[in-house]
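Heads up, the thing below is written out as structure tokens.
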Amino acid sequence: MPRALPYLLLLPASLFLLVFFFYPFGLVVVESLTRGGEWTTENFTRMTGHWKFAPAFWNTIWLTAIVVPVQLIMALTMASVVQKLKTGRSGLLYIFAIPLGISDLAAGLIWLAIFEQSGFLNSIFHAFGIIDRPTLYLGYQNMWVIFLAVVLAEIWRATAIMMVIIVAGMGLIPKEYSEAAEVFGASRWQRFTRVTLPLLRPSLQTALILRILMAFEVFAVVMALGGTTLPVLMGETFQWQFQLQDRGVAAAYAMVILGLSVAFSLVVLRLLHVPKGARI
Amino acid sequence: MTDTSPPPAPQLEARRAGRFLFYAGIALLVLWVLVPIWFLFVNALSAPSEVTGFPKRIWPSFDLASIQFFLQFQGVTQALWNSVKVAVLTMILSIAMGAPAGYALSRFDFPGKEFFRVLVIMTRAFPLPLLALPLAVMFIRTGLDDTVLGLALVHAMLALPFAVLITFSLFSGIPVELEEAAWTLGCNRLQAFIKVVLPLALPGIMASAVFAFVISWNEVFAAAVLTIENRTLTAFLLQSLNVSPLPLKFAGGAALVMPALIFIFAVRKYLFAMWGIANR
């Protein structure tokens, strides 16, 4: 009995993973490669042939490329600031962590309140006498404003998760390392780049992977701010599944998102590789 | 920090300027997080005519008409209730399956342990909401489509990896010796677990349950794909985005944000401890 016990304890979770992860995962693959029961790449050619595919793909990539580095820097800043603080630490941490609990849809709506035509941005401009009539920002004529609003909303919403992971990671680094560096005359900046950052690699790995995945899944923020004006991969997946009722193409989109996610996860793992013996 | 002699005047000045910058930076970051939420609540707590009016005031008029309009809108209370039901079910499912697995991983050494761990971590490299696409078909076959349980199963798949990793770290933090002492005092494995380990782990388990609740409460894509009649609040808001009036959107956004604020506050102490070890 004792030998079987760990397997018994793992059984429910394993079965669940099998049924709700591996099985549907296989189904998406099959669905993307078949049409009417025949093996074909037609779903993919249909997908890439549609005019919205290229913009959706590049919008998603650009969003990720802009949002993630900014978030990394902000999260590191927040974490370092909190680390230095003597009083009010937990209060500040709570405030910084708030967006973690806020959904992407809510974040989209929050920034909609700022950017929409009668929104707060226009009101503030009005108060300063810059404009006298509200301008429409989130229209298709102002694609880049929608893009900017999405970038801001994403940065606002998802920096928290990186911050939490990094703060947790910093808490695990023994103080002695930094103190030793200080004794040897390292400046604050040197201590940060030469001691803290390298020791933080495992946490940075987790933070970056999670965050990049979330960035490829960007969806509700975009829907709230721009509807379908600004195409992104996840939004197109939703459109093909729902509006166009074409599960094959939706699955093909899913495969693209999946491919991107796996590729970038591997890149991050490789870049921030931590040898097993070097972990704290 | 440990200076004993007073520094010369210019250095003192530089330090004072540095400190001013430091606190100004903190204030900016706090405003960056809080002001957008404030704007959302101003909108939610103002009369509909003010929400669509221009220019806006920075203070809400505390007119509950928007909230009333939101609550009386057809389908809203149902959607709210569905969100709660799905989130509670997700919480129960993910903890019921994740906690035993976490316990097994932390207490036993057995062949296949590493494999299971890698498996769980691997799921993080996939955009899980996409699994909803093929599951939609499977659910139609099994009669799970458009049910609270069906959606909760998918959300549990999202929350399960976190539940496993978090409970794993929780149980690892409780010394085995405590359990062993209980065995020598005549408890069997189950009794020792219930009387010694569980009370110690319970607050942390509650925290990870809350985390699962938030994951489910916020999820948009799977909810929108899998439900039509039994929509959750996020799915309801998403699908009515381009037809619903602004007051409805903002009141809905506020309804989405409220629980998040409370839950993050409730688990703030555990948030960082949970992530510290879940990284490994």
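Every chain is numbered from 1 and lettered A, B, ... according to where its sequence line falls, protein lines coming before strand lines.
Taking chain B as the reference chain and counting heavy-atom pairs below 4.5 Å, the highest number among A:Ser14, A:Ala107, A:Gly26, A:Ala153 is found for A:Ser14. Contact count against chain B (heavy-atom pairs under 4.5 Å) is highest for A:Ala13 among A:Ala251, A:Gly108, A:Pro12, A:Ala13. Note on B:Trp217, B:Phe110, B:Phe263: by heavy-atom pairs under 4.5 Å with chain A, the leading option is B:Phe110. Annotation: maximal heavy-atom pairing with chain B below 4.5 Å, among A:Leu266, A:Leu27, A:Leu11, A:Val82, occurs at A:Leu27. The residue among B:Ala260, B:Ala254, B:Pro134, B:Pro161 with the most heavy atom pairs within less than 4.5 Å of chain A is B:Pro134. The candidate from B:Thr234, B:Ile215, B:Val225 with the greatest count of non-hydrogen atom pairs under 4.5 Å with chain A is B:Val225. With chain A as the partner, the residue from B:Asp109, B:Val214, B:Thr123, B:Leu237 showing the most heavy-atom pairs under 4.5 Å is B:Thr123.
Screening B:Val120, B:Leu119, B:Leu160, B:Leu131 for a side chain to side chain contact (heavy atoms under 4.5 Å, CB included) with A:Phe21, the sole residue that qualifies is B:Leu131.
With rounding to the nearest 0.5 angstrom, the CD1 atom of A:Ile114 is 10.0 Å from the CG atom of B:Asn43. From B:Asn218, atom CG reaches atom CG of A:Asp104 across 7.5 Å, with rounding to the nearest 0.5 Å. In this structure, A:Phe96 CZ and B:Leu34 CG are separated by 9.5 Å, a value rounded to the nearest 0.5 Å. Here the NE2-CZ distance, from B:His155 to A:Phe20, works out to 12.5 Å after rounding to the nearest 0.5 Å. Atoms CZ and CG, on B:Arg117 and A:Leu10 in that order, are 12.0 Å from each other to the nearest 0.5 Å. With rounding to the nearest 0.5 angstrom, the OG atom of A:Ser103 is 8.5 Å from the CG atom of B:Leu233.
Of all non-hydrogen atoms in A:Leu258 and B:Phe126, the two that sit nearest each other are CD1-CD2, 3.4 Å. Considering every non-hydrogen atom in both B:Phe116 and A:Leu17, the closest pair reads CE1-CD1, 4.2 Å. In this structure, A:Ala106 and B:Val257 approach most closely via the heavy-atom pair CB-CG2, 3.8 Å. The shortest non-hydrogen separation linking A:Ile257 to B:Pro127 is CG2-CG, 3.7 Å. Heavy-atom minimum distance, B:Gly253 versus A:Leu109: CA-CD1, 3.7 Å. Between B:Val33 and A:Ile95, the shortest heavy-atom contact is CG1-O, 3.3 Å.
Take A:Ile155 and apply the side chain to side chain contact (heavy atoms under 4.5 Å, CB included) test, not counting sequence neighbours, and it matches A:Val67, A:Val70, A:Gln71, A:Met74, A:Val151, A:Thr159, B:Trp32.
Proximity to chain A (any heavy atom under 4.5 Å) is shown, for B:Ala156, by both the backbone and the side chain. For chain A, no part of B:Val35 is nearby; none of its heavy atoms comes within less than 4.5 Å. Looking at B:Phe41, neither its backbone nor its side chain comes within 4.5 Å of chain A, counting heavy atoms on both sides. For chain A, no part of B:Leu93 is nearby; none of its heavy atoms comes within less than 4.5 Å. For A:Tyr23, the part sitting under 4.5 Å from any heavy atom of chain B is the side chain, from C-beta outward, and nothing else. No part of A:Tyr253 comes within reach of chain B, as not one of its non-hydrogen atoms sits under 4.5 angstrom from that chain. At a 4.5 Å heavy-atom cutoff, A:Leu15 makes no contact with chain B through either its backbone or its side chain. A:Leu204 does not touch chain B: none of its heavy atoms, backbone or side chain, sits under 4.5 Å away. The contact between B:Met157 and chain A is made by backbone and side chain atoms together, counting heavy-atom distances below 4.5 Å. With a 4.5 angstrom heavy-atom cutoff, B:Val30 touches chain A via backbone and side-chain atoms both. Interface residue A:Phe25: backbone and side-chain heavy atoms are both found under 4.5 Å from chain B. When heavy atoms are compared at a cutoff of 4.5 Å, B:Phe213 does not approach chain A at all. Proximity to chain A (any heavy atom under 4.5 Å) is shown, for B:Ala163, by neither the backbone nor the side chain.
Contact annotation: the side chain of A:Gln241 approaches that of B:Leu133 to within less than 4.5 Å [non-hydrogen atoms, C-beta and beyond]. Looking at B:Phe39 and A:Ile110, their side chains never come closer than 4.5 Å, going by heavy atoms from C-beta outward. Within the 4.5 Å cutoff, the side chain of B:Pro111 has heavy atoms near those of the A:Tyr7 side chain. Looking at heavy atoms from C-beta onward, A:Trp156 lies in side-chain contact with B:Ile37 at the 4.5 angstrom threshold. The shortest distance between side-chain heavy atoms of B:Arg189 and A:Leu5 falls below 4.5 Å.
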Do A:Met234 and B:Phe221 pass the side chain to side chain contact (heavy atoms under 4.5 Å, CB included) test, and can you show the C-alpha distance, the side-chain angles, and the key distance before you say yes or no? CA-CA 9 Å; A:Met234 203 73 171; B:Phe221 187 86; 3.7 Å; yes

With side chain to side chain contact (heavy atoms under 4.5 Å, CB included) as the test, would you mind laying out the steps for A:Ile98 and B:Leu261 before giving the verdict? CA-CA 6 Å; A:Ile98 285 176; B:Leu261 290 181; 3.4 Å; yes

Candidate pair A:Leu85 and B:Tyr23, rule side chain to side chain contact (heavy atoms under 4.5 Å, CB included), full reasoning: CA-CA 10 Å; A:Leu85 221 57; B:Tyr23 285 107; 4.2 Å; yes

Please step through side chain to side chain contact (heavy atoms under 4.5 Å, CB included) for the pair B:Leu153 and A:Val19, ending with a clear verdict. CA-CA 10 Å; B:Leu153 286 169; A:Val19 177; over 6 Å; no

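At most 12 non-hydrogen atoms from other residues, nucleotides or ligands lie less than 6.0 angstrom from CZ of A:Phe264. More than 12 heavy atoms of other shown residues, nucleotides or ligands fall within 6.0 angstrom of atom CZ in B:Phe22.
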Tell me which donor-acceptor pairs under 3.5 Å the side chains of residues 96-108 of chain B have, and how far apart each pair is, sequence neighbours excluded?
unit_1, atom_1, unit_2, atom_2, d
B:Tyr103, OH, B:Glu179, OE2, 2.4
B:Ser106, OG, B:Tyr103, O, 3.2
B:Arg107, NE, B:Glu179, OE1, 2.5
B:Arg107, NH1, B:Phe171, O, 3.1
B:Arg107, NH1, B:Ile174, O, 3.4
B:Arg107, NH2, B:Ile174, O, 2.8
B:Arg107, NH2, B:Glu179, OE1, 3.1

